Colleague: 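The structure under discussion is supplied below as structure tokens; questions concerning it will follow.
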Amino acid sequence: MNPLSDIQSGYLNRLLGKVLNFVPKPAPVGGADEIRQWCHDICAVETLREVAERWAKCVKDLGEYLLNVGLAETLRQRMPATPRELLVVDLKTCEEFAGAILCLAVDEAEGDDIFRRVRVAVQLGKKVPDTERERAARQV
């Protein structure tokens, strides 16, 4: 793996910061008005779901960049091992969750990239092996 340039490292830090600093304080546990106001204050939306979708977009952008700069395999080697392969159930620490989220983001980005290439190939009338489609489905 080639080391990242200063520009690449800076952009990676920016994307990571967007994920980590997305919500400066936890959502309130209370009435609908308090939650709606918090959602509006955080990212000018109305619901917790919309806040989560915006955060997920930040994670997805980070995953795409990590894939594009060649860090996918390095991250996959650090995927937390789980006895039942049930990440949400088996993981216990923030470090484990963070590693798993990054791995999943990279996998999804790679799957999306494969599907994009498959769509282009099909539009050009090329035959695409089923193994490529299956690999993309596993990643996503």
Side-chain angles (χ1 to χ4, degrees):
M1 178 186 86
N2 294 332
L4 299 179
S5 70
D6 289 343
I7 291 174
Q8 290 173 316
S9 294
Y11 189 66
L12 180 58
N13 282 332
R14 182 174 168 261
L15 290 173
L16 186 57
K18 284 177 72 174
V19 170
L20 296 175
N21 298 320
F22 187 82
V23 177
K25 59 183 181 179
V29 179
D33 290 337
E34 288 176 294
I35 292 172
R36 192 176 306 106
Q37 184 63 47
W38 181 85
C39 293
H40 188 268
D41 292 346
I42 293 301
C43 54
V45 296
E46 298 295 316
T47 67
L48 290 173
R49 179 185 178 110
E50 290 172 302
V51 172
E53 287 170 351
R54 295 230 176 147
W55 181 78
K57 170 77 169 85
C58 292
V59 173
K60 183 174 181 162
D61 292 346
L62 177 59
E64 288 173 359
Y65 191 71
L66 290 167
L67 176 69
N68 290 333
V69 295
L71 293 174
E73 287 309 312
T74 301
L75 283 170
R76 285 189 187 112
Q77 292 170 3
R78 296 179 180 170
M79 178 67 140
T82 59
R84 298 171 289 180
E85 296 188 25
L86 300 170
L87 293 178
V88 176
V89 175
D90 291 334
L91 298 181
K92 303 296 183 223
T93 67
C94 287
E95 184 178 304
E96 289 174 330
F97 276 107
I101 288 168
L102 287 177
C103 289
L104 293 172
V106 167
D107 285 349
E108 182 174 349
E110 185 173 24
D112 288 346
D113 185 55
I114 295 168
F115 277 132
R116 182 192 53 75
R117 286 185 276 134
V118 166
R119 281 191 301 275
V120 169
V122 168
Q123 289 173 347
L124 295 173
K126 296 180 180 177
K127 175 124 174 80
V128 177
D130 288 340
T131 55
E132 273 299 285
R133 294 171 199 245
E134 291 167 7
R135 186 170 144 236
R138 275 193 313 273
Q139 295 300 94
V140 171

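If you're wondering where the values come from, they're calculated on a predicted model, not measured in any experiment.
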Colleague: Quick check on the hydrophobic clustering: are Val120 and Val128 connected, directly or via other members, by side-chain heavy-atom contacts under 4.5 Å?
Modeller: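 No: no chain of side-chain contacts under 4.5 Å links Val120 to Val128.
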Colleague: Tell me the closest heavy-atom pair linking Pro3 and Gln8, and the distance in Å.
Modeller: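 Looking at all heavy atoms of both residues, the closest pair is O-OE1, 4.4 Å.
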Colleague: Give a yes or no on whether a salt bridge exists between Arg117 and Asp113, defined as a side-chain N under 4.0 angstrom from a carboxylate O.
Modeller: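 Yes, Arg117 and Asp113 are salt-bridged.
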Colleague: Could you tell me if the side chain of Leu15 sits less than 4.5 Å from the side chain of Val19, heavy atoms only?
Modeller: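 Result no, sub-4.5 Å side-chain heavy-atom pair not found.
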Colleague: Within this structure, what is the OH-CG distance for the pair Tyr65 and Leu4, rounded to the nearest 0.5 Å?
Modeller: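 Spacing of OH (Tyr65) from CG (Leu4) equals 6.5 Å.
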Colleague: Just how far is it from atom CG of Asn13 to atom CG of Leu20, taken to the nearest 0.5 Å?
Modeller: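 If we round to the nearest 0.5 Å, Asn13:CG and Leu20:CG are 10.0 Å apart.
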Colleague: Have Asp41 and Gln37 got a donor and an acceptor in their side chains that come within less than 3.5 Å?
Modeller: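 Indeed, the side chains of Asp41 and Gln37 share at least one donor-acceptor pair under 3.5 Å.
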Colleague: I'd like to check Cys43 versus Phe22 (side-chain heavy atoms, cut-off strictly below 4.5 Å). Are they in contact?
Modeller: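 Counting from C-beta outward, Cys43 and Phe22 do come under 4.5 Å.
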Colleague: Is the number of heavy atoms from other residues, nucleotides or ligands under 6.0 Å of Ile7 CD1 greater than 12?
Modeller: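 Count not over threshold, so no.
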Colleague: Using every non-hydrogen atom in the two residues, find where Leu75 and Cys103 come nearest and quote the distance to one decimal.
Modeller: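 Where Leu75 meets Cys103 most closely, the heavy atoms are O-SG, 3.1 Å.
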Colleague: What's the spacing between Leu12 CG and Leu62 CG if we round to 0.5 Å?
Modeller: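 Leu12 atom CG to Leu62 atom CG measures 6.5 Å (nearest 0.5 Å).
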Colleague: Determine whether a donor-acceptor pair (N or O, by modelled atom type, separation under 3.5 Å) exists between the side chain of Glu34 and the backbone of Gly31.
Modeller: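 Looks like yes, one N/O pair under 3.5 Å.
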Colleague: Mind running side chain to side chain contact (heavy atoms under 4.5 Å, CB included) on Val69 and Tyr11 for me, showing each step along the way?
Modeller: CA-CA 11 Å; Val69 295; Tyr11 189 66; over 6 Å; no
Colleague: With rounding to the nearest 0.5 Å, note down the distance linking CD in Glu132 to NZ in Lys127.
Modeller: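 Separation between the atoms: 12.5 Å.
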Colleague: Could you pull out the closest heavy-atom pair between Glu50 and Thr47, with the gap in Å?
Modeller: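 Closest approach of Glu50 to Thr47: OE1-N, 2.9 Å.
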Colleague: Rounded to the nearest 0.5 Å, how far does CZ of Arg76 lie from CG of Leu66?
Modeller: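 Reported value, rounded in 0.5 Å steps: 10.5 Å.
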Colleague: If we only count heavy atoms from C-beta on, is the Trp55 to Val51 side-chain gap below 4.5 Å?
Modeller: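 Result no, sub-4.5 Å side-chain heavy-atom pair not found.
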Colleague: Looking at every heavy atom in both Ala72 and Val106, which two are closest together, and how far apart are they?
Modeller: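 Shortest heavy-atom contact: CB-CG1, 3.2 Å.
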Colleague: Is Ile114 linked to Leu71 within one hydrophobic cluster, defined over Ile, Leu, Val, Met, Phe, Trp and Tyr using a side-chain heavy-atom separation of less than 4.5 Å?
Modeller: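 Not linked; separate clusters.
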Colleague: Would you sort out whether Glu53 and Arg49 count as a salt bridge (charged side-chain N to carboxylate O under 4.0 Å, His left out), showing the intermediate values?
Modeller: CA-CA 6 Å; Glu53 287 170 351; Arg49 179 185 178 110; 3.0 Å; yes
Colleague: Which distance, rounded to the nearest 0.5 Å, do you find between the CG of Leu16 and the OG of Ser9?
Modeller: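 Spacing of CG (Leu16) from OG (Ser9) equals 11.5 Å.
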